[in-house]
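One structure is given here, and the rest of the page talks about it.
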2 protein chains.
Amino acid sequence: MKYQRGEADLRVTIGEIARMAGVSKTTVSRVLNNKPDVKPETREMILNLISEYGFQPNAFAKAISLQKSHTVGLIIPYKADYIFSNPFYSEVMRGVSTETSKRGYHLLLCYTHKENYVDIFQQKRVEGFIVISPGSTHKNIIHKLTEIEAPFVATSKIPGEQNIKYVDIDNFYAAALAMEHLISLGHRRIGLIIGPPVLTSSEERMSGYISTLKKYNIPYNGNLVRQGNGSIESGYAAMGELLNEELTAVFVTCDTMAMGAIKAIKEKNKVVPRDISIVGFDDIPLAQILDPPLTTIKQPAYEKGASAARMLIDLIEGKEVTENCILPVDIVVRNSTSNIL
Amino acid sequence: MKYQRGEADLRVTIGEIARMAGVSKTTVSRVLNNKPDVKPETREMILNLISEYGFQPNAFAKAISLQKSHTVGLIIPYKADYIFSNPFYSEVMRGVSTETSKRGYHLLLCYTHKENYVDIFQQKRVEGFIVISPGSTHKNIIHKLTEIEAPFVATSKIPGEQNIKYVDIDNFYAAALAMEHLISLGHRRIGLIIGPPVLTSSEERMSGYISTLKKYNIPYNGNLVRQGNGSIESGYAAMGELLNEELTAVFVTCDTMAMGAIKAIKEKNKVVPRDISIVGFDDIPLAQILDPPLTTIKQPAYEKGASAARMLIDLIEGKEVTENCILPVDIVVRNSTSNIL
DNA sequence: TTGTAGGCGTTATCAA
DNA sequence: TTGATAACGCCTACAA
């Protein structure tokens, strides 16, 4: 006896439909793919059967046949708890997801435990990847992806890496925006709480900070600069130290750290913005309900994800993708900043 | 000429490996799947070729042949911005994702725009679904999934639905825990800000609230109860109203709403917990850095997701899954509650 | 307008 | 210990 699948086979396949319609699989396939050259009555009859049985062609069979999985992978490189707990990244993911499905693709989640994304690609599960904001500690991911020749797009520049596609904002300009705002309010002694140095964004925001100081002839003072890892706690700790310095304002390069910073300030019985003005970065939803509502640099998180998805799919489909994508930023002035008294 | 794929075909397939090894595909397949009956030398030679070429069997070809995609779908039923911006759900997703990959499955993200998950299932892309905390407004999803006979597990009970598999906590008990805490501190006039009625959890927490009042002979007062949709803003609005009532404590059934509530209290120049004690729910990471740090009911978010994944995969693999899974909760006492003065 | 036949990359049966 | 062959469900070149 020949090799046969399971018993009473209820699966509806193109063959089943064909049999019931009394035509060949080819004809059904033609109907399925809206090809011409099918007699209207035949088409209609087949269409009826298809809808009656809720038939859908097996995606994987199609994938093998067409050498196309219509699926992309989403690589989340940081320790998952970091990404997952920062609402900014959630928005990026939402953008990726929505755009992906709009283009008729599916999204496979890939954690970077081990290098499972390599397998996933080589098994042809996905046609490419979106890498959520990798930093210099994730160069191995980038290199590996390059090595296996997987198309990918990152949602941030990567320090020292050329020739990779990314979507990003102008971090230098964004930082300058924050600084100009503070300076226009009369602040001169302005602190900085900067993100992890593994991120290009940190580097660039740092230059924006320094360079704006210079523009206004304010001397740079390393004592006013502290580093955090992006978490609320690290912002709290950094601010705790800065409170020993004389300053009237602090630029904090992400809203989560700004939350920590504000907490530290309050604990010293100082008041934002009366004693210290704070500018954050990202404009996460929470920013507007903080006490006080946070003045911050708004970057288009959703659009960042969506653009990355768009670029990747263009890449996959062989369209020219020469330009990287730089998205606009803006400052949202709320109540955490005020004129110096 | 016969139908042929692309030009210089660099794809490494089982056939290629077989050709290079001078054996049949069958033998390579045996090696691939660790079957016995392969001469050690043959096996080694094939293994070498496999690693040399980084060969991985095409996942989809395998899926067709085995009638098994090794993939599950993650359905996010709420308006995406809601789920995505509540850190609690992020944790659930992380649990799902980690457990899924631990079991050798892949995770496909499914937004519920239209009923795309139906297609995804019928195209055999996934073998089942995890539905993130559906409410009564998502019964259509549940019904549809039942109709197409897709295995699925929800991360919450669903009002009025029997016979569905879910992971949840004992919401009644959890609410009682919160109430007992407040009552033990001497509070008698305790308000409630409850979540959307579409969620079973709201219903059950509500009974927990009422029933604990009764246990201590405290009369139920509808004026002390308000409803929110889970957002910070709704908590803010609800608390704004409750401030017109005489009360000394409020049980808020999620931390995000509690954040809004605290904001409202502060704006009236009242102090938490001196004037009003607050108990939240979920214990999101933010809870401990709020001002004051929030006393709240901790539910195991990560584990909720992980358990759901575990149940689903058991289901898919034909293991008995008779019991639904009820996870433990606990109260975390911080500084937003205090003795009544 | 339709059907035949072969190919996509894998695994399973059965005979050698 | 191995291989020929068919099967999974789909698509397409080509002939009818």
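Every chain is numbered from 1, with letters handed out A, B, ... down the list of sequences.
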Item to check | Touch class at under 4.0 angstrom, heavy-atom based, for B:K68 against every strand present | outcome: nothing
Checklist entry - What residues in residues 53-61 of chain B put a non-hydrogen atom under 4.0 Å from any atom of DNA chain C? => result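 Going residue by residue through residues 53-61 of chain B, the ones with a heavy atom under 4.0 Å of DNA chain C turn out to be B:F55, B:Q56, B:P57, B:N58, B:A61.
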Checklist outcome for this item: Per the under-4.0 Å heavy-atom filter, residues of residues 36-46 of chain A near DNA chain C come out as A:D37, A:V38, A:K39, A:T42
Checklist entry - For D:dC8, does OP1 or OP2 lie under 4.0 Å from any side-chain N or O of B:K62? => result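 So the side-chain polar atoms of B:K62 never come under 4.0 Å of the phosphate oxygens OP1 or OP2 of D:dC8.
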Within this structure, what is the [atom1]-to-[atom2] distance between [X] and [N], rounded to whole angstrom?
X      : N      : atom1 : atom2 : value
B:Q123 : D:dC8  : CD    : C1'   : 17 Å
B:E16  : C:dG7  : CD    : C1'   : 15 Å
A:I17  : C:dT2  : CD1   : P     : 16 Å
B:R125 : D:dC10 : CZ    : C1'   : 13 Å
A:I50  : D:dC10 : CD1   : C1'   : 13 Å
A:I64  : C:dT11 : CD1   : P     : 11 Å
B:H70  : C:dT11 : NE2   : C1'   : 13 Å

Next on the checklist: Take a 6.0 Å sphere around CD of A:E52 and say whether it holds more than 12 heavy atoms from other residues, nucleotides or ligands.
Outcome noted: yes
Next on the checklist: Can you confirm whether B:E149 is buried at CD, in the sense that more than 12 heavy atoms of other residues, nucleotides or ligands lie under 6.0 Å from that atom?
Outcome noted: no
Checklist entry - Less than 4.5 Å apart, any side-chain heavy atom of B:D168 and any of B:K304? => result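 Yes, at least one pair of side-chain atoms sits under 4.5 Å.
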Checklist entry - If you look at every heavy atom in A:I326 and A:Y166, which pair is closest and at what distance? => result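 Of all heavy-atom pairs spanning A:I326 and A:Y166, the closest is CD1-CE1, 4.1 Å.
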Next on the checklist: For a quick test of reading the model, state the closest non-hydrogen atom pair linking A:A21 to A:I46 and the distance between them.
Outcome noted: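 Closest approach of A:A21 to A:I46: CB-CG1, 4.1 Å.
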Checklist entry - Can you name the ring-ring contact (aromatic ring centres under 6.0 Å, His included) partners of B:Y105, sequence neighbours left out? => result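 Once residues adjacent in sequence are excluded, the partners of B:Y105 under the ring-ring contact (aromatic ring centres under 6.0 Å, His included) criterion are B:H70.
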Checklist entry - Sub-3.5 Å donor-acceptor pair from the side chain of A:T71 to the main-chain atoms of A:S69, do we have one? => result yes
Checklist entry - Ignoring hydrogens and geometry, is there a side-chain-to-backbone donor-acceptor pair from B:T200 to B:K157 under 3.5 Å? => result yes
Next on the checklist: Taking salt bridge (charged side-chain N to carboxylate O under 4.0 Å, His left out) as the definition, give me every residue that meets it alongside A:R30, ordered by chain and number, with sequence neighbours left out.
Outcome noted: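 Per chain and number, A:R30 pairs via salt bridge (charged side-chain N to carboxylate O under 4.0 Å, His left out) with no residue.
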Item to check | Which residues share a salt bridge (charged side-chain N to carboxylate O under 4.0 Å, His left out) with B:R43, sequence neighbours left out | outcome: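 For B:R43 there are no salt bridge (charged side-chain N to carboxylate O under 4.0 Å, His left out) partners, ignoring immediate neighbours.
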Next on the checklist: Could you check, using the six-membered ring where one of them is a Trp, whether A:F60 and B:F60 have ring centers closer than 6.0 angstrom?
Outcome noted: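 Yes.
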Item to check | Near-strand residues of residues 19-33 of chain B, defined as heavy-atom separation under 4.0 angstrom from DNA chain D | outcome: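 Heavy-atom contacts with DNA chain D come from B:G22, B:V23, B:S24, B:T26, B:T27, B:R30.
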